[in-house]
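Keep in mind that this is a model prediction, so the values were computed, not measured. Because only heavy atoms are used, hydrogens play no part in the values below, and waters and symmetry mates are left out as well, while side chains stay in.
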Amino acid sequence: MPDIIDSSVANSARVWNYWAGGKDSYAVDQEAGDAYLAIAPQVATMARESRKYLVRAVTTLTGDLGIRQFLDIGTGLPSGNNTHEVAQRIAPEARIVYVDNDPQVLAHARTLLYSTTRHGVTDYIDADLHEPEKILHTARGILDFAQPIALMLMGILGHIQDYDEATSIARHLQAALPPGSYFVHYDGVDTDADLRDAQQGYDDTGAVPYTLRSPEQLAAFYEGLDVLAPGIVSCPLWRPDPDPVASPKPTDVYGGIGRKP
């Protein structure tokens with residue numbers, strides 16, 4: 001890996017990958033992840049369920065709603081069933097643009113995230129969510145902004161510590177989309193005291209902090225959009241796959257999909 005990858009401080013993408021059962025983490029990430037798990041063990045379930053939610057959301061958007069373009073900001077480390085894999089299985093012509101500014105994420109993306117079909121497109125932008133106009137400017141050279149786009153902010157708005165700024169960024173990006181586009185999102189919620197304590201301990205390590213927010217605060221990111229049923233809910237409860245044995249159980253990560261009128 002390039003020298004700019006810092007293996008001395010825990011990295012959120014690597015820790016999340018560790019919780020989800022991936023292999024792309026260092027000892028410092030595993031130590032921070034284990035310390036978090038000791039206080040709030042449900043975070044491993046949150047990581048796994050958020051990936052399952054992504055798969056169901058992209059399947060719904062591509063298969064049921066006809067979306068063929070995706071702008072996935074805050075990609076994270078590649079794992080099974082990435083956005084382009086799910087979308088292009090259904091629609092080989094789907095176009096996916098990933099955005100991240102983490103050098104390790106980008107290195108893995110360029111190696112592992114490539115179009116699965118001759119007709120589809122998978123591309124990457126090295127950019128920071130704090131600069132939404134830069135993201136949009138580059139994405140316009142890849143995606144057709146005259147046609148509907150699914151904007152995906154999956155577990156990333158919590159890294160914008162100021163709530164007003166996070167809301168402003170979400171609305172700035174949504175405003176650039178044509179009517180008929182969709183906003184897809186999830187983030188951790190602050191309703192569990194152990195999770196709040198574990199997050200504070202993680203933030204205190206010097207890693208990039210993450211802000212847990214209330215479900216009501218997350219709902220404000222969807223203002224002006226038509227929210228699809230079942231609403232903004234705990235991710236396992238968002239259109240779960242049928243299971244004859246067990247009903248889905250809620251966990252502390254909430255998401256939903258909103259349509260731009």
A.B. asks: Taking it one step at a time, do Ile125 and Tyr98 satisfy side chain to side chain contact (heavy atoms under 4.5 Å, CB included)?
C.D. replies: CA-CA 6 Å; Ile125 299 174; Tyr98 292 109; over 6 Å; no

A.B. asks: Which word best sums up how the rings of Trp19 and Tyr36 line up, parallel for under 30°, tilted for 30 to 60°, or perpendicular for over 60°?
C.D. replies: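 Taking Tyr36 first and then Trp19, their aromatic rings stand perpendicular (interplane angle over 60°).
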
A.B. asks: Pairs of donor and acceptor atoms involving the side chains of residues 138-145, under 3.5 Å and at least two apart or interchain, shall be tabulated with distances.
C.D. replies:
unit_1	atom_1	unit_2	atom_2	d
Thr138	OG1	Lys134	O	3.1
Arg140	NH1	Glu133	OE2	3.4
Asp144	OD1	Ala146	N	2.9

A.B. asks: Roughly how far, to the nearest 0.5 Å, is the CZ atom of Arg48 from the NZ atom of Lys52?
C.D. replies: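 With rounding to 0.5 Å, NZ (Lys52) is 7.0 Å from CZ (Arg48).
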
A.B. asks: Short question: side chain of Gln69, backbone of Arg95 - any donor-acceptor pair under 3.5 Å?
C.D. replies: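 Absent.
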
A.B. asks: Are any of the side-chain heavy atoms of Phe70 and Leu61 separated by less than 4.5 Å?
C.D. replies: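 The answer is yes, as the side chains (C-beta and beyond) meet within the 4.5 Å cut-off.
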
A.B. asks: To the nearest 0.5 angstrom, please state how far the CD1 atom of Ile257 sits from the CG atom of Asp226.
C.D. replies: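 Answer rounded to 0.5 Å: 13.0 Å.
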
A.B. asks: Test side chain to side chain contact (heavy atoms under 4.5 Å, CB included) on Thr83 and Met154; report intermediate values, then the result.
C.D. replies: CA-CA 11 Å; Thr83 298; Met154 309 295 258; over 6 Å; no

A.B. asks: Give a yes or no on whether the backbone of Gln147 and the side-chain of Arg68 come within a donor-acceptor separation of less than 3.5 Å.
C.D. replies: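 No; zero donor-acceptor contacts below 3.5 Å.
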
A.B. asks: With heavy-atom distances below 4.5 Å as the criterion, would you say the side chains of Tyr182 and Leu228 are in contact?
C.D. replies: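 Tyr182 reaches Leu228 side chain to side chain.
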
A.B. asks: Any side-chain heavy-atom pair from Asp72 and Asn82 closer than 4.5 angstrom?
C.D. replies: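 SC-SC contact between Asp72 and Asn82 ruled out.
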
A.B. asks: Kindly indicate whether the side chain of His159, heavy atoms from C-beta on, has any atom under 4.5 Å from the side chain of Leu129.
C.D. replies: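 A side-chain contact under 4.5 Å is absent here.
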
A.B. asks: Say whether, by atom type as modelled, one donor and one acceptor occur between the side chain of Gln174 and the main chain of Phe221 under 3.5 angstrom.
C.D. replies: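 Yes, Gln174 side chain to Phe221 backbone: donor-acceptor pair under 3.5 Å.
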
A.B. asks: Could you verify whether a donor N or O on one side chain and an acceptor N or O on the other, from Asp203 and Gln199, lie under 3.5 Å apart?
C.D. replies: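 Yes, Gln199 and Asp203 have a side-chain donor paired with an acceptor closer than 3.5 Å.
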
A.B. asks: Is there a side-chain contact between Tyr254 and Val189 (heavy atoms, below 4.5 Å)?
C.D. replies: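 A side-chain contact exists here, since the closest heavy-atom pair is under 4.5 Å.
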
A.B. asks: So Leu153 and Phe183, do their side chains get closer than 4.5 Å, heavy atoms only?
C.D. replies: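 When only atoms from C-beta onward are counted, Leu153 and Phe183 do touch, with a gap below 4.5 Å.
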
A.B. asks: Check the hydrophobic clustering (I, L, V, M, F, W, Y; side-chain heavy atoms under 4.5 Å; chains of links allowed) and say if Ile156 and Val208 are grouped together.
C.D. replies: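 No; Val208 is not reachable from Ile156 via cluster members.
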
A.B. asks: Please report the interatomic distance CD(Glu131) to NE2(His137), rounded to the nearest 0.5 Å.
C.D. replies: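 Glu131 CD to His137 NE2: 12.5 Å, rounded to 0.5 Å.
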
A.B. asks: Flag yes if Leu71 and Ile90 sit in one hydrophobic cluster, no otherwise; membership is Ile, Leu, Val, Met, Phe, Trp, Tyr, and two members link when side-chain heavy atoms are under 4.5 Å apart.
C.D. replies: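 No; tracing contacts between hydrophobic side chains, which count when under 4.5 Å, never links both residues.
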
A.B. asks: Is it true that atom NE2 of His130 has more than 12 heavy atoms of other residues, nucleotides or ligands lying nearer than 6.0 Å?
C.D. replies: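 Yes - once you tally the heavy atoms of other residues, nucleotides and ligands closer than 6.0 Å, there are more than 12.
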
A.B. asks: What is the minimum heavy-atom distance between Asn101 and Ala127, and which atoms define it?
C.D. replies: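 Distance-wise, the nearest heavy atoms are CB-O, 3.3 Å.
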
A.B. asks: What pair of heavy atoms forms the shortest contact from Pro261 to Gly224, and how long is it?
C.D. replies: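 Pro261 and Gly224 have their closest heavy atoms at CD-O, 3.5 Å.
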
A.B. asks: Do the side chain of Tyr186 and the main chain of Ser234 share a donor and acceptor less than 3.5 angstrom apart?
C.D. replies: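 No, because the side chain of Tyr186 does not come within donor-acceptor range (under 3.5 Å) of the backbone of Ser234.
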
A.B. asks: Considering the options Asp190, Thr251, Val253, Leu212, which one meets the side-chain contact (heavy atoms from CB on, under 4.5 Å) requirement together with Leu195?
C.D. replies: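 That would be Leu212; it is the only one of Asp190, Thr251, Val253, Leu212 passing the side-chain contact (heavy atoms from CB on, under 4.5 Å) with Leu195.
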
A.B. asks: With heavy-atom distances below 4.5 Å as the criterion, would you say the side chains of Arg239 and Pro230 are in contact?
C.D. replies: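 Counting from C-beta outward, Arg239 and Pro230 do come under 4.5 Å.
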
A.B. asks: For the side chain of Ser168 and the backbone of Asp164, is there at least one donor-acceptor N/O pair under 3.5 Å apart?
C.D. replies: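 No: the side chain of Ser168 does not pair with the backbone of Asp164.
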
A.B. asks: Can you list the steps and then say if Asp187 with Gln217 is a side chain to side chain contact (heavy atoms under 4.5 Å, CB included)?
C.D. replies: CA-CA 10 Å; Asp187 265 306; Gln217 286 177 309; over 6 Å; no

A.B. asks: Please check: side-chain N/O of Asp29 versus main-chain N/O of Tyr26, any donor-acceptor pairing under 3.5 Å?
C.D. replies: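 Checking the backbone N and O of Tyr26 against the side chain of Asp29, a donor-acceptor pair under 3.5 Å is found.
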
A.B. asks: Give a yes or no answer on whether the side chain of Arg56 reaches the backbone of Cys235 with a donor-acceptor pair at less than 3.5 Å.
C.D. replies: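 Yes, because the side chain of Arg56 sits within donor-acceptor range (under 3.5 Å) of the backbone of Cys235.
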
A.B. asks: Look up atom CD in Gln30 and atom CG in Leu37, then write down how far apart they are to the nearest 0.5 Å.
C.D. replies: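 With rounding to 0.5 Å, CD (Gln30) is 11.5 Å from CG (Leu37).
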
A.B. asks: Quick one: closest heavy-atom pair of Leu136 and Ala176, and the distance?
C.D. replies: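 In terms of heavy atoms, the two residues are closest at CD1-CB, 3.6 Å.
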
A.B. asks: Is the closest side-chain heavy-atom distance between Ile169 and Leu173 below 4.5 Å?
C.D. replies: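 Ile169 vs Leu173: side chains touch.
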
A.B. asks: Quick check: closest heavy atoms across Val86 and Val55, and the distance to 0.1 Å?
C.D. replies: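 Between these two residues, the closest heavy atoms are CG1-O, 3.9 Å.
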
A.B. asks: Would you compute the distance between atom CG of Asp128 and atom CD1 of Ile73 and round it to the nearest 0.5 angstrom?
C.D. replies: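 If we round to the nearest 0.5 Å, Asp128:CG and Ile73:CD1 are 10.5 Å apart.
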
A.B. asks: Indicate if Ile39 and Val15 have the same hydrophobic cluster label, given that clusters are the connected sets of ILVMFWY residues with side-chain heavy-atom separations under 4.5 angstrom.
C.D. replies: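 Not linked; separate clusters.
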
A.B. asks: Drop me the distance from Trp16's CH2 to Asn11's CG, to the nearest 0.5 angstrom.
C.D. replies: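 If we round to the nearest 0.5 Å, Trp16:CH2 and Asn11:CG are 13.5 Å apart.
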
A.B. asks: Step by step, would you call His185 with Ile232 a side chain to side chain contact (heavy atoms under 4.5 Å, CB included)?
C.D. replies: CA-CA 9 Å; His185 157 264; Ile232 304 158; 5.6 Å; no

A.B. asks: Identify the two heavy atoms, one from Arg89 and one from Asn81, that lie closest to each other, and give their separation to 0.1 Å.
C.D. replies: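 Answer, listing the atom of Arg89 first, then Asn81: NH2-OD1, 2.7 Å.
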
A.B. asks: What pair of heavy atoms forms the shortest contact from Ala32 to Ala10, and how long is it?
C.D. replies: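 Minimum heavy-atom contact is CB-CB, 3.7 Å.
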
A.B. asks: Decide ring-ring contact (aromatic ring centres under 6.0 Å, His included) for Tyr202 and Tyr210; before the verdict, give the C-alpha distance in whole Å, the side-chain angles of both, and the deciding distance to 0.1 Å.
C.D. replies: CA-CA 9 Å; Tyr202 174 86; Tyr210 182 89; 8.9 Å; no

